Number of protein chains: 2
Amino acid sequence: MDMAEKPYHHGDLRAALLAAAEKELTEKGVEGFSLRSVAKRAGVSHAAPAHHFGDTGGLLTTLAAEGFTQFQNTLDAREIGATDPREKAVRAGLGYLEFAVARPALFRLIFSSARPDFASADLIAAANRAYDHLVELVTTLGGGETDVIALWATSHGLADLSAGNKMRTLQGKSRDAREALIRAVLMRSLPKDAG
Amino acid sequence: MDMAEKPYHHGDLRAALLAAAEKELTEKGVEGFSLRSVAKRAGVSHAAPAHHFGDTGGLLTTLAAEGFTQFQNTLDAREIGATDPREKAVRAGLGYLEFAVARPALFRLIFSSARPDFASADLIAAANRAYDHLVELVTTLGGGETDVIALWATSHGLADLSAGNKMRTLQGKSRDAREALIRAVLMRSLPKDAG
DNA sequence: ACCTTATCTTGACAGTGTCAGGATTATGCG
DNA sequence: CGCATAATCCTGACACTGTCAAGATAAGGT
């Protein structure tokens with residue numbers, strides 16, 4: 001009967017708290033996020049998270065940094081198998097949107113929240129990786145700064161509006177029709193063909 | 001000595017609460033918004049807002065509906081004086097961005113928050129007005145659904161990223177250079193010229 | 001063995017949203 | 001005008017939140 005009698009030391013509470021925090025975030029959203037609730041999920045006292053993350057902002061900052069990496073991974077996964085650089089850029093945009101729709105709370109935490117500390121080194125590093133990748137995509141197409149901004153703004157606009165269910169004209173369509181439409185929009189934000 | 005001895009009945013508490021709520025919003029943001037703090041600003045008891053707005057969500061819903069109208073007014077003001085329909089559309093996009101940068105908290109409340117009740121009739125009406133205007137702008141240019149989505153997504157992406165200080169490449173520029181860049185990006189999302 | 005350190009708990013405090021009930025004033029009706 | 005009714009606002013309470021201080025427990029190094 002000595003099975004997991006809740007030892008005083010958790011073992012890997014930090015990871016457990018992060019996992020619990022992500023659940024809390026997806027269920028309650030950024031605005032309903034509660035640190036005490038996260039502690040309950042992890043089966044630990046309400047003040048336990050403080051030791052690992054300082055305060056709520058610290059936890060959300062770590063979560064945002066991790067989320068940013070997962071965000072970039074989603075884009076990378078979409079690009080795999082695309083040889084044409086234009087197709088690669090379009091797929092990156094599709095991945096941007098996919099992440100926003102699949103995990104809107106995490107997306108909002110990263111791009112539209114004031115709770116994480118965006119001066120954090122980890123968060124800055126993760127954000128820079130994503131931005132550098134975007135720049136590389138566009139420069140490969142022979143594009144410049146204007147093109148970077150165009151592709152980013154279009155992708156982000158589509159993603160944010162979709163994450164918030166604001167663009168209902170997109171949801172009344174089949175998956176294929178929707179993707180075709182989005183592809184057409186993304187194409188327009190790409191650099192003019194050098195052909 | 002009878003000068004404004006705080007009468008029991010405020011007179012127009014509803015309007016005063018809305019004004020206080022907007023201040024609270026701009027100072028604390030959506031995530032730091034406190035109903036009791038709003039009541040204090042208006043010099044009234046902590047439960048006074050409930051009678052006029054029900055709960056916090058009700059107040060934020062009314063604020064969002066008003067904000068949406070102000071948002072549309074900003075776009076309209078920018079369009080005044082433009083004869084060319086393409087220039088009109090571009091100016092609408094510039095107004096979109098202007099509003100987001102000038103009043104980021106209100107912008108976030110409208111587009112990126114889960115706290116207002118977006119099933120509210122007033123809020124839906126205000127949102128539809130803005131959307132209809134966008135559609136009109138685009139159809140005047142001979143554009144269709146794809147063009148509507150393109151212009152909206154681009155404008156919204158620029159606006160949201162600017163409101164959150166995410167696009168730092170834009171801020172390192174002079175006002176004129178920035179506007180030129182944004183104009184170029186917006187142009188690209190417009191329907192192909194019929195010429 | 002023992003001291004130090006990391007980890008986690010308990011308890012407290014101020015602040016929050018919301019509900020119930022009471023106080024005060026305006027309003028309509030006789 | 002007088003009064004019942006309704007609208008408006010306040011007080012007090014409850015559960016919940018984040019954060020701090022102080023203590024309990026366990027791990028690790030010397």
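A, B, ... follow the sequence lines: proteins, then strands. Residue 1 opens every chain. All values derive from a computational prediction rather than experimental measurement.
Residue L13(A) contributes atom CG, which lies 12 Å from atom C1' of dA6(C) at whole-angstrom precision. In this structure, the CD atom of E24(B) is 12 Å from the C1' atom of dT16(C), given to the nearest Å. Here the P atom of nucleotide dA14(C) and the CZ atom of R36(B) are 14 Å apart, to the nearest Å. Per the geometry, NE2 belonging to H46(B) stands 10 Å off P belonging to dG17(C), to the nearest Å.
Between the side chain of R14(A) and the base of dT7(C), no donor-acceptor pair under 3.5 Å is found.
For the contact set between residues 25-34 of chain A and DNA chain D, defined by any heavy atom under 4.0 Å, the members are F33(A), S34(A). The stretch residues 50-62 of chain B touches DNA chain C through D55(B), T56(B), each having a heavy atom within less than 4.0 Å of the strand.
Nucleic acid contact for A47(B): base, since at least one base atom lies under 4.0 Å from a heavy atom of the residue.
Two rings, from F68(B) and Y131(B), have their centers 6.0 Å or more apart.
In this model, a donor atom of one side chain and an acceptor atom of the other lie less than 3.5 Å apart for T169(A) and E145(B). Side-chain contact annotation: R103(B) with Q70(B), donor-acceptor N/O pair under 3.5 Å present. When only modelled atom types and interatomic distance are considered, E31(B) and S113(A) share a side-chain donor-acceptor pair under 3.5 Å.
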From CA spacing to verdict: salt bridge (Lys or Arg N to Asp or Glu O under 4.0 Å), D147(A), K192(A): CA-CA 9 Å; D147(A) 305 280; K192(A) 310 276 179 194; over 6 Å; no
Evaluation steps, salt bridge (Lys or Arg N to Asp or Glu O under 4.0 Å), between D160(B) and K166(B): CA-CA 9 Å; D160(B) 190 55; K166(B) 307 300 180 190; over 6 Å; no
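Distance alone, capped at 3.5 Å, is enough to place a donor-acceptor pair between the R86(B) side chain and the P191(B) backbone.
Salt-bridge formation is detected for the pair E179(B)/R183(B): a Lys NZ or Arg NE/NH1/NH2 atom is positioned less than 4.0 Å from an Asp or Glu carboxylate oxygen.
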